[in-house]
Amino acid sequence: MKWDFTSVFANTDALLAGAAGTLRIFAICLVLGLSLGLVVGLGRYARTWWFYLPATAFVEFFRNTPVLVQILWFYFALPMLLPFEISPLMAASLGISLNSAAFSAEIYRAGIQSIDRGQWDGARALGMRWAQAMRRIVLPQAIKRMLPALTNRAIEIFKMTTLASAVAYVELLQQGKLIASLNYNPIEAYTAVAVIFLVFLWPLVQFTYVLERRLKRDE
Amino acid sequence: MSLLRVTGLTKRFGTNEVLRSIDLEVRQGERIAILGASGSGKSSLLRCLNFMELPTAGVIELDGQPLGRERRPGERIYRESELTQVRQRIGMVFQQFNLFPHMTAVGNVMEGLRTVRRMPKPAARIRAEAELKRVGLGDKADAYPAHLSGGQKQRVAIARALAMDPEMLLFDEPTSALDPELVGEVLGVIRNLADEGRTMLLVTHELGFAYHVATRVIFLADGTIHESGTPDEVLKNPRQERTRAFLASHKQYSL
């Protein structure tokens, strides 16, 4: 057989729309996932039960169910419980964000725990409250240590966005499927999708290497 | 009038009782050296005084005001706001310095003023630079802790505590983590503070320094005050057998 990308190039518009959709849901899930993850991670670290228990339940629930199942559930089942419709973007963002929050929460917790107890002592001896010590002293140091792991999480989120195609959200894989079924060229269509992901992700992965090297140098 | 009065202070970690019903009174301007073997409870005693550790039992009064309130007989509870107030009034200096590595020297000294006292940045900076000058580090304001020697780090930590205008200072083995040649510069700074008449409690192995600077020496053993008195009484003519044994084992830190 022969590779023939003409039908893919003829659909550049569709792929661009898909790339835009991928970037949009990635941005939403990155912000939601990492910020909610911080809250949950603080809960996992906290000693007060009303913060610790819900955070732990959250992490266990979302780590132990597949993201794809969560997205399908949010899309098909959740509207039964709500007075309004759920769009494909909402369902997919919810699933991916909550799942990422659960995983990044563990990164935050481990990062916070890695900070020497003496830092807490130093902060509290000045009269800082828990939240002040966390915000001013512990988190700035912990986040720096967590950066490589959080960047890895960002890469995972980027790849997870393809799951949104399961609810027909317009993103790269969804558009690839569309092109493949219209032109009977799955080989070229999915190759194109894979190459576009590679182009987006390769620099991000290089960035984590740089971060890790810099971190080693600083410590 | 006593600045700090401790009655029946007891601290347990699980089943391990590290402080057993300690009574202690600290008057304005007193300098108390706390001696004792490792595990005698001297660090725990210090850490209970500014509530870095919560006492299991006993009452601590600051300026005649008992802290916390009794929930059940013998058991007190403390509000966080009350404890953060107390910690501003009682400064602490640690064996391992505990400087904030992501801030410069002056940033470390400003931190309490900025975050806790809400002081505007320029005023905090001026105050912090004055404190650094006082410990002889006026030229190191913008250096990060990683670029300072152990002695310099500890002096920054002292400046950081002083910036909060504490009524009392707690030193928890401030020279134990230092190379011998750096001990002197830190002791010199503490001696200056003593000469200013500051109230301080000092856990130390530097017997000579305790002898010359302290107004009172306390020897802790098994979580109780085993012997207490003037430096001459405790360090030169100890009455208790265990104090004598301890002093004999610390010959390298001679008077």
Side-chain angles (χ1 to χ4, degrees), chain A residues 34 38-39 41-43 45-52 55 107-151 210-219, chain B residues 43 46-47 49-54 79-103 107-118 124 128 144-146 153-154 156-166 168-172 177:
Chain A
L34 294 191
L38 174 60
V39 176
L42 289 175
Y45 179 77
R47 297 228 188 99
T48 37
W49 64 269
W50 54 264
F51 200 5
Y52 174 79
I107 297 175
Y108 285 113
R109 182 186 57 78
I112 292 168
Q113 267 171 355
S114 79
I115 299 300
D116 178 45
R117 270 194 50 88
Q119 291 294 304
W120 284 101
D121 281 356
R124 292 196 315 147
L126 291 174
M128 284 195 210
R129 287 181 274 111
W130 188 88
Q132 290 174 323
M134 183 62 95
R135 184 171 50 84
R136 294 285 308 165
I137 307 302
V138 176
L139 264 188
Q141 299 181 56
I143 296 265
K144 197 173 154 207
R145 282 188 203 178
M146 291 184 277
L147 269 184
L150 289 177
T151 317
V210 173
L211 277 181
E212 273 165 31
R213 262 203 305 276
R214 179 167 299 177
L215 197 67
K216 258 199 203 104
R217 195 191 58 200
D218 285 356
E219 294 208 336
Chain B
S43 276
L46 222 53
R47 291 174 65 86
L49 297 183
N50 66 344
F51 296 90
M52 301 295 283
E53 307 283 353
L54 290 186
R79 279 175 298 116
E80 196 191 13
S81 59
E82 185 179 25
L83 300 188
T84 55
Q85 287 290 331
V86 170
R87 294 191 193 115
Q88 290 178 55
R89 297 174 61 184
I90 305 181
M92 190 168 209
V93 173
F94 302 90
Q95 183 177 349
Q96 299 294 341
F97 329 128
N98 299 344
L99 289 186
F100 310 131
H102 57 306
M103 298 175 182
N108 269 272
V109 182
M110 286 165 70
E111 185 55 24
L113 298 172
R114 297 275 293 132
T115 303
V116 180
R117 291 277 161 80
R118 305 262 170 225
Y144 281 89
K153 282 183 202 168
Q154 192 60 298
V156 173
I158 293 172
R160 181 173 71 176
L162 289 175
M164 301 300 281
D165 286 319
M168 183 194 296
L169 283 166
L170 309 175
F171 291 91
D172 190 2

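Sequence lines set the chain letters: A, B, ... in the order given, protein chains first and strands last, and positions in each chain run from 1.
Here CE of M92(B) is found 4.5 Å from CG of L46(B). Values are rounded to the nearest 0.5 Å. Within the model, atoms CD1 of I158(B) and NZ of K153(B) stand 14.5 Å from one another, a figure rounded to the nearest 0.5 Å.
Neither the backbone nor the side chain of L170(B) comes within less than 4.5 Å of any heavy atom in chain A. In this structure, chain A has heavy atoms under 4.5 Å from both the backbone and the side chain of R160(B). Contact annotation for F94(B): only side-chain heavy atoms (C-beta onward) come within less than 4.5 Å of a heavy atom of chain A. Of the two parts of M52(B), the backbone and the side chain both hold a non-hydrogen atom closer than 4.5 Å to a non-hydrogen atom of chain A.
Proximity of L113(B) to M164(B): side-chain heavy atoms (C-beta onward) are separated by under 4.5 Å at one or more points. Side-chain contact between V138(A) and W120(A) is present, with heavy atoms from C-beta onward closer than 4.5 Å. Contact annotation: the side chain of M168(B) never approaches that of N50(B) to less than 4.5 Å [non-hydrogen atoms, C-beta and beyond]. Counting heavy atoms from C-beta on, the side chains of E111(B) and N108(B) never come closer than 4.5 Å. Contact annotation: the side chain of I115(A) never approaches that of I137(A) to less than 4.5 Å [non-hydrogen atoms, C-beta and beyond].
Counting heavy-atom pairs closer than 4.5 Å to chain A, the top residue among P101(B), A161(B), A157(B) is P101(B). Comparing R135(A), M128(A), Q132(A), R124(A) by how many heavy-atom pairs each has under 4.5 Å with chain B, the most go to R124(A).
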Quiz item: Hey, mind stepping through E212(A) and T151(A) against side-chain contact (heavy atoms from CB on, under 4.5 Å) and telling me if it holds?
Solution: CA-CA 10 Å; E212(A) 273 165 31; T151(A) 317; over 6 Å; no

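Residues of residues 79-87 of chain B that come within less than 4.5 angstrom of chain A, heavy atom to heavy atom, are E80(B), T84(B), R87(B) in numerical order.
Side-chain atoms of Y108(A) never come within 3.5 Å of backbone atoms of L139(A) as a donor-acceptor pair (strictly under, hydrogens ignored).
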